[in-house]
Amino acid sequence: MKPAAYVLLDFSAMQHNFSVVRQHAPQAKIIAVIKGNGYGHGLLRVAESLPKADAFAVARVDEGIRLRKAGVTKKIIVLEGFTFEDELSALINFQLDVLVHSPHQIAFLLRREEKKQLSVWLKLDTGMNRLGFKIAEFTQAYADLMRCPVLKKPINLMTHLASADDKNDPKTQAQIRLFTDTIGSLPGERSIANSAGILGWQDAITDWVRPGVMLYGISPFADVTAQQLNLKPVMSLHSRLIAVKRIAKHETVGYAGSWVAPYDTVLGVISIGYADGYPRTAKSGTPVLVNGQRVALIGRVSMDMITVDLQSQPHAKPGDPVVLWGENLPVEEIALLSQTIPYTLVCGITQRVRQFDSSWLT
Ligand SMILES: *Cc1c(COP(=O)(O)O)cnc(C)c1O
């Protein structure tokens, strides 16, 4: 029995997207960012389908442990580092690279007596103002880390760009310059660029690049499509029509009657809703593919269902296939019409939605 709502994942598209990273950064080593359950695509599945990645990055220690327990032997960088002592011990035991961004962490590291156990990235805050040492704190932090026996040397250096998705924002160049000037000629490898940095800012490409969203075939820029960047979507979200009925002009549809039929039409009911991760904020008019053709969402998104205007497909019938996003309907477009970003949509697919590797179906 086929589930009503399901996700298909095209990992050959992911490998293609990885090759696009390679084209933009031919000399750099590639850290595939797979935090957030691989941006909703499945942590282990994504790791397995990127054999050419030089390293993986996750946000949290437990994500890194899951990868190690599944047999991943590559370098794994934990972007939030650790907060508690037991997490530091886990980083050492599972040989996960630690990100150091606060004096709180340095105090723990200085007390560890094991020698050369941990690879380290020192995070510099060049303007994102989230994690990282301020420029004025950097020299001290670096000197402290040099005194930690537990850390392998040299110390690697990282910063994160706050506005790289806006090609006109001068902040990005300023962040890159501040990073470069602050670290000078210190030994250790450097990493600056996320997807937007890789695709939009040549100077952000250093020893290691950190692509996330582009691996999943999503454009990091609001004004450039994935297709224009030669990226292919990995995830598609599918369902089916479950009812088709006529409604008369002036009838209202759904909760609060927010959509009033401007003409006699045919209404389609689709088995997908916010309990699957389809955004409740999607506006009337948001496109949905029914039998491969675009129709408009009408009325409110419910927990398990949405309604569409089938005036262009009056002969559509229950069971007909529906695509909510995927090929020919970019998730970026749905995000824009839902006042969100595509990251939240792919990350937000819920547990009840079964996920299939599209190559199993062919
Ligand atoms: C999430 C993240 C990335 C990847 O960002 P994308 O915009 O998805 O490419 C890179 N570096 C850090 C520190 C991150 O948190």
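When a ligand or atom number is given, it counts from 1 through the structure's own listing order. For reference, positions follow the sequence shown, starting with 1.
None of Leu336, Ile334, Ile218 except one satisfies the side-chain contact (heavy atoms from CB on, under 4.5 Å) rule with Pro342; the exception is Ile218.
Relative orientation of the His238 and Tyr6 rings is parallel, given thresholds of 30° and 60° on the angle between their planes.
With sequence neighbours left out, the salt bridge (charged side-chain N to carboxylate O under 4.0 Å, His left out) criterion links Glu251 to no other residue.
Using a 4.0 Å cut-off between a side-chain N of Lys or Arg and a carboxylate O of Asp or Glu, Arg190 and Asp203 do not qualify as a salt bridge.
Ile30 places a side-chain heavy atom less than 4.5 Å from the side chain of Pro211. Side-chain contact between Arg112 and Ser89: present, with at least one pair of heavy atoms (C-beta onward) separated by less than 4.5 Å.
Sorted by chain and number, the residues within 4.0 Å of ligand 1 by heavy atom are Val33, Lys35, Tyr39, Leu79, Arg130, His160, Asn194, Ser195, Arg210, Pro211, Gly212, Val213, Tyr343.
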